[in-house]
Amino acid sequence: MSRAWLIGAGPGDIELMTLKATRALARADVVLVDDLVNPEVLQFARADALVVYVGKRGGHPSTPQAGIVAQMLEHLQAGRSVARLKGGDPFVFGRGGEEQQALHAAGIEVDIINGITAGIAAPAAIGIPVTHRDHAQGVVFVTGHGAGSGEPDWAALVATRMTLVIYMGMQRLNDIVEALLAAGMRADTPCAAIESATRPEQRHVLGHLNGFADDVSRAGLGSPAIVVIGGVASLALAATAAAAANADRAP
Ligand code: SAH
């Protein structure tokens, strides 16, 4: 029987992929690979698997969502097992929910295999614990994209006083910072942006809300990046200093 999996490949570092994900990948006849998936994870796929890139980065036009689902259905109905590989977790801003719905509508069961989402991995990569209890009672994962379901209610989010972890926020960072300041968030609120987290090319910028969009653009940081706003971001400084100190001691 053919099977379908929606697999989270994690944030980039292939060692952050789950055992369950690698095992499912090893069984698939067809692998449909999204943007942001580190291609190195394909070492876990079968050598004879058909690998299809459906992402929009790297100069390829993005395959429309309906086209991706159609491809999955075509392979599944022909008796081939399909692994749909997504960056991070398949159900966190990955449109995995839509693909599950479409497959269910076609009467096909799909196994969901979690991945480590960038919103947790990226802060952790520079030492930020997103729920450190001295700083926050919780964390909000929010898209900065502003498309689809519309603009988040930034004022309501400021009122929660929780850590804000913003996905897809780089293009509109200036507007987001302005909205947060207008909603009364303190200008000295610590902020961090982490690009390409857990990959060799990882970079980050630390700062405070006031001027943060300028800091990020001066540093030339772009997508993919996670933005962390809240007191927990202040903990990155110490962690980064510690990491630097350790690097100095390395033989
Ligand atoms: N399903 C993914 C998110 C997809 S939305 C997950 O759970 O992580 C795409 C956004 O994720 C990017 O715009 C960026 O904000 C974030 N992202 C994904 N991988 C990243 C990485 N390695 N470093 C920083 N941000 C990343």
Side-chain angles (χ1 to χ4, degrees), residues 5-18 20-21 25 32-41 53-58 60 62-63 65 68 83-101 110 112-128 130 139-149 152 157 163-177 191-206 212-213 216-217 219-230 232-233 236 240:
W5 298 273
L6 265 176
I7 301 176
D13 178 349
I14 63 167
E15 293 195 340
L16 291 176
M17 203 167 159
T18 67
K20 193 162 186 154
L25 192 51
L32 297 183
V33 188
D34 233 5
D35 274 346
L36 300 177
V37 172
N38 183 348
E40 285 177 32
V41 306
Y53 291 88
V54 292
K56 56 178 171 279
R57 278 163 208 271
H60 305 287
S62 167
T63 312
Q65 200 65 21
I68 296 171
R84 176 77 175 100
L85 259 186
K86 290 174 167 288
D89 185 272
F91 276 0
V92 179
F93 299 123
R95 306 188 74 172
E98 287 157 68
E99 292 178 17
Q100 176 182 251
Q101 284 174 311
V110 54
I112 309 303
I113 302 182
N114 290 115
I116 300 180
T117 188
I120 296 193
I126 60 163
I128 298 178
V130 289
V139 54
V140 177
F141 290 158
V142 59
T143 172
H145 195 265
S149 51
L157 294 180
T163 304
L164 301 183
V165 169
I166 305 172
Y167 291 69
M168 297 170 277
M170 295 304 268
Q171 275 183 348
R172 299 191 53 247
L173 191 55
N174 201 40
D175 295 346
I176 293 167
V177 166
C191 299
I194 311 105
E195 179 195 275
S196 299
T198 81
R199 296 205 183 205
E201 64 272 24
Q202 172 181 309
R203 300 191 297 158
H204 70 272
V205 170
L206 303 174
F212 190 60
V216 165
S217 85
L221 235 63
S223 295
I226 286 288
V227 176
V228 183
I229 300 180
V232 295
T240 315

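Whatever order the structure lists them in is the order used to number ligands and atoms, beginning at 1. All figures in this text were calculated on a predicted structure; none of them were measured in a lab. Side chains are part of it too, since the values below use all heavy atoms of this structure and drop only hydrogens, waters and symmetry mates.
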Practice item. Please work out which of Gly222, Ala118, Gly8, Ala9 has its closest non-hydrogen atom nearest to atom 8 (O) of ligand 1. Key: Ala118
Check your understanding: Does some side-chain heavy atom of Leu25 sit less than 4.5 Å from a side-chain heavy atom of Met17?
Key -> yes
Study note, to complete from the structure: Rounding to 0.5 Å, atoms CD (Glu201) and CD (Glu195) come to a distance of 8.0 Å
Check your understanding: Can you list the atoms of ligand 1 that are under 4.0 Å from a heavy atom of Thr117?
Key -> 6 (C), 7 (O), 8 (O)
Review point. What part of Ala197, side chain from CB on, backbone N/CA/C/O, both or neither, has a heavy atom under 4.0 Å from ligand 1?
Key: both
Exercise for review: Please examine the side chains of Phe91 and Thr117, heavy atoms only from C-beta on, and report whether any two atoms are closer than 4.5 Å.
Suggested key: no
Check your understanding: Roughly how far, to the nearest 0.5 Å, is the CD1 atom of Ile112 from the CD1 atom of Ile7?
Key -> 10.0 Å
Exercise for review: Measure the spacing between CD of Glu99 and CZ of Arg84 and express it to the nearest 0.5 Å.
Suggested key: 4.0 Å
**Study point:** ligand 1 N/O within reach of Pro90 N/O, cut-off under 3.5 Å
**Key:** no
Revision key, fill the gap. Counting heavy atoms under 4.0 Å, the part of Ser196 that contacts ligand 1 is backbone
Practice item. Report, in ascending order of atom number, the atoms of ligand 1 lying under 4.0 Å from any heavy atom of Phe93. Key: 4 (C), 5 (S)
Review point. For ligand 1, which atoms have a heavy atom of Asp89 less than 4.0 angstrom away?
Key: 1 (N), 6 (C), 7 (O)
Practice item. State whether the shortest distance between N or O atoms of Ile116 and N or O atoms of ligand 1 falls below 3.5 angstrom. Key: no
**Study point:** Arg199 versus Leu36, closest heavy-atom pair with distance
**Key:** NH2-O, 3.2 Å
Check your understanding: Going by distance only, is there an N or O of Pro11 that falls short of 3.5 Å from an N or O of ligand 1?
Key -> yes
Practice item. Report, in ascending order of atom number, the atoms of ligand 1 lying under 4.0 Å from any heavy atom of Leu36. Key: 9 (C), 18 (C)
Check your understanding: Does a side-chain heavy-atom distance below 4.5 Å link Ile194 with Val228?
Key -> yes
Study note, to complete from the structure: Between Ile128 and Ala233 the two heavy atoms that sit nearest each other are CD1-CA, 3.8 Å
Point to revise | Gly12 N/O under 3.5 Å from ligand 1 N/O | key: no
**Study point:** Options Val92, Val165, Val37, Thr198, ranked by nearest heavy atom to atom 1 (N) of ligand 1, top entry
**Key:** Val92
Exercise for review: Give a yes or no on this: more than 12 heavy atoms of other residues, nucleotides or ligands lie within 6.0 Å of atom CD of Gln171.
Suggested key: no
Check your understanding: Where on Ile194 is there a heavy atom closer than 4.0 Å to ligand 1, on the side chain, on the backbone, on both, or on neither?
Key -> backbone
Point to revise | Option set Met168, Lys86, Glu195, criterion heavy-atom distance to atom 10 (C) of ligand 1, minimum | key: Met168
